[in-house]
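Beneath this line is the structure, given in C-alpha cells, with notes to follow.
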Amino acid sequence: MSITGIKGMNDILPGDIETWQHLEEQARKVFGAFGYREIRVPVAEKTELFCRSIGETTDIVEKEMYTFTDKGGTSMTLRPEGTAPVMRAFIQHKLHALDPISKLYYIGPMFRHERPQKGRYRQFHQIGAEVIGIDDPKIDAQVLAMLSHYFMTTKIPDVSLQINSLGCPGCRPTYREALIDFLEQRLSCLCADCQRRYTSNPLRVLDCKVPGCKEVTIDAPAMLDNLCIGCEAHFTQVKNHLDALEVDYTVNPRMVRGLDYYTRTTFEMVTGSLGAQNAVAAGGRYDGLIRDLGGPELPGIGFAIGLERLALMLGEQSVLPPRPELFIATLGEAATNAGFSMLTRLQRRGIPVEMEYTGKSLKAQLRRADKIKAKRVLIIGEDELQRGMSQLRYMDESRQEEVELDSLESLLSKEIDGA
RNA sequence: GUGGGUGUAGCUCAGUCGGUAGAGCACCAGGUUGUGGCCCUGGUUGUCGCGGGUUCAAUCCCCGUCACUCACCCCA
C-alpha cells in the first residue's frame with residue numbers, strides 16, 4: 001500500500017490551484033487598497049497562547065487542537081486560527097510603538113482536529129485581516145465594506161452579511177444572567193444539547209436549530225436590547241455608516257461566536273449553497289484581547305475568510321490556467337535542436353513557450369499543442385531550417401504564415417505586448 | 001466523539017439472481033511519407049479497498065477492518 005495523505009489535509013492540484021491564486025491575488029489587491037500590509041507568522045505557537053485567547057472552555061481548545069510537546073519539553077500547538085498569533089507578534093515586536101494604528105492581513109493554513117466534511121477540513125486555509133488601535137465605529141463599517149467588496153470582486157455568489165453586537169464586559173455579564181434566568185424556567189423544554197449548552201455557553205442556545213428550542217427562545221431576552229449606552233451607541237453608528245457606504249447587511253440578534261475574545265460588533269458572511277457550512281467568513285471586534293495577552297490596552301477588529309469554502313463556491317476549475325503563447329513543433333534532429341534553443345531563449349524573455357521533446361510525429365505535436373491550448377505553433381522542418389524560415393500557425397484562427405526565424409522573437413514580443 | 005452512505009480502469013460509473021469484468025471520457029498510435037480541434041480504426045490500463053468466513057467456485061452472500069464521503073456537535 002502506497003503512502004497516502006493525512007485525513008482532512010488535502011492537496012491542491014494544478015487545475016484547482018488557479019482558483020486559489022485568484023482568491024489570494026484579489027485579497028492582496030483589495031486589502032492593499034484599504035491600507036493593509038501582510039504579516040507572516042509561524043504555523044505553531046506555544047499552546048498557552050491559544051488557551052488564553054480563544055478560551056479554555058471552547059470546543060477548539062478543549063478538543064480540536066493539534067498539540068504536542070517538542071524535544072525541549074515545550075507544549076506547542078498548530079494554530080487553529082490566525083488572530084491570536086498575529087496579536088502575539090504585534091505585542092512581541094511592539095508594533096504600536098512604530099505606529100499607533102496597524103492594519104494587517106495574513107494568508108495561510110490553520111489546523112483543527114475535527115471530523116472532516118464538506119467545506120470543513122483539518123488543515124484549512126484562511127485569509128484574515130486585523131485592525132489594531134482604532135475603536136471608532138467607522139472602522140467597523142470600513143472592515144465590513146472591505147469584506148463585502150472582496151466578495152464582490154471575487155464574484156462569490158449568494159452571500160449575505162449578518163451583524164450583531166455582543167456587548168462589552170460591562171453589559172454582557174448582566175445580559176447573560178438574565179438569559180440564564182430565562183432558560184432555567186424552560187430547561188425541560190430544551191433539547192439535550194441545549195441543556196448542556198445552558199451551563200457551558202448559554203448564548204449558544206439562541207443559535208440552536210432544533211425547532212422546539214427555537215420556539216422556546218422566541219421570547220428570550222436579546223443581547224441587542226440589553227446593551228449598555230456605549231455599546232448601543234457604537235452599534236447604531238456602525239449601522240449608520242454601513243448604510244452610508246451602501247453595504248448590504250441584516251441584523252441577526254442570535255448570532256453567536258465560537259471564540260471568547262469577541263466584544264461589541266460581530267459578523268458573518270453566510271451562504272445557503274454549502275450544506276451545513278454556511279459561514280464563509282466571520283469576525284468581530286476584540287477590544288480586550290491585546291491587553292489580556294500582556295500587550296497595551298488597544299482595541300482590535302478583524303475577520304477570517306475560509307478559502308476552501310470560497311473555492312467550493314466558485315467551483316473547481318473555475319479559473320482557467322494561462323495559455324502558452326507558443327508551442328514549438330519540429331521535424332528532424334537539426335530542427336529540433338534549433339527549436340530547443342529558441343524555446344529557452346523565449347522562456348528567458350519571460351514568454352510562456354512549450355515544445356515536444358521526444359521527436360513525435362507532427363500530428364502528435366500539434367495534438368499536444370491543442371491540448372495545452374497554445375495560442376500559436378511554430379513549425380520548423382528540415383527545408384525551412386535551411387532557408388532560415390518557419391511556419392507560424394495561429395491555432396484559434398487555423399491559419400499560418402511563413403516567418404523568418406530571426407524575426408520571430410521581435411514579432412512575438414510585439415504581438416504579446418500589444419495584446 | 002456519534003450516525004448514515006459509498007468503495008470495480010487515471011476519471012465518471014455499469015455489471016455479474018455466486019462461474020475471477022465492461023462502457024464513456026482520458027491516454028497512445030494510425031487513417032494525412034510535414035499540420036490540432038470533428039470523425040473513423042486499433043491499442044494500453046484493473047491485487048473488483050483490505051482481511052477472514054460460507055461455497056466445488058466470491059467482485060457479488062456473511063463478518064470484521066480501513067478509506068472516502070455526508071450529516072450531528074462545533075466551526076472558516
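In what follows, every heavy atom counts, from backbone to side chain, and hydrogens, waters and symmetry copies are set aside.
Separating the CD atom of A:Glu268 from the C1' atom of B:rA76 is a distance of 9 Å, rounded to the nearest angstrom. Distance, A:Arg115 CZ to B:rC74 P: 16 Å, rounded to whole Å. The separation between A:Lys7 atom NZ and B:rU69 atom C1' is 10 Å, rounded to whole Å. B:rA76 atom P lies 18 Å from atom CZ of A:Arg122, rounded to whole Å. Computed from coordinates, the A:Lys118 NZ to B:rC70 P distance equals 6 Å when rounded to whole Å.
Across B:rG10 and B:rG5, the matching C1' atoms stand 25 Å from one another, rounded to whole Å. Separation of the C1' atoms belonging to B:rG24 and B:rC62 is 34 Å when rounded to the nearest angstrom. Separating the P atom of B:rU16 from that of B:rA21 is a span of 15 Å, rounded to the nearest Å. Between B:rA58 and B:rG53, the two P atoms lie 11 Å apart (nearest whole Å). For the P atom pair drawn from B:rC56 and B:rC68, the interatomic distance equals 38 Å after rounding to whole Å.
Evaluation of atom-type donor-acceptor distances gives no pair under 3.5 Å for the side chain of A:Ser361 against the base of B:rG30. A donor-acceptor contact under 3.5 angstrom links the side-chain atoms of A:Gln400 to the base of B:rU35. Within 3.5 Å, a donor on the side chain of A:Arg309 pairs with an acceptor on the base of B:rC75, or the reverse. Looking at A:Arg393, its side chain comes within 3.5 Å of the base of B:rG36 through a donor and an acceptor atom. Donor-acceptor pairing under 3.5 Å, judged by distance alone, is present between the side chain of A:Asp370 and the base of B:rG36.
In this model, the phosphate group of B:rC74 is approached by a side-chain N or O of A:Arg197 to a distance below 4.0 Å at OP1 or OP2. Within the structure, every side-chain polar atom (N or O) of A:Lys363 is placed at least 4.0 Å from both OP1 and OP2 of B:rU35. In this model, the phosphate group of B:rA71 is approached by a side-chain N or O of A:Gln117 to a distance below 4.0 Å at OP1 or OP2. Between A:Lys371 and the phosphate of B:rC27, there is a side-chain N or O to OP1/OP2 separation shorter than 4.0 Å.
A:Arg376 pairs with exactly one of A:Glu354, A:Glu415, A:Glu397 by the salt bridge (charged side-chain N to carboxylate O under 4.0 Å, His left out) rule, that one being A:Glu415.
Taking a cutoff of 4.0 Å between a charged side-chain nitrogen and a carboxylate oxygen, A:Lys63 and A:Asp59 qualify as a salt bridge. We find that A:Arg112 and A:Glu81 are not joined by a salt bridge, their nearest charged nitrogen and carboxylate oxygen being 4.0 Å or further apart. A salt bridge is absent between A:Asp219 and A:Arg186: the closest approach of a Lys/Arg side-chain nitrogen to an acidic carboxylate oxygen does not fall below 4.0 angstrom.
Contacts of A:Gly128 with the nucleic acid, taken as non-hydrogen atoms under 4.0 Å apart, are absent. When heavy atoms are screened at a 4.0 angstrom cut-off, A:Tyr121 is found touching base atoms of the nucleic acid.
There is a side-chain donor-acceptor pair under 3.5 Å between A:Arg254 and A:Thr217.
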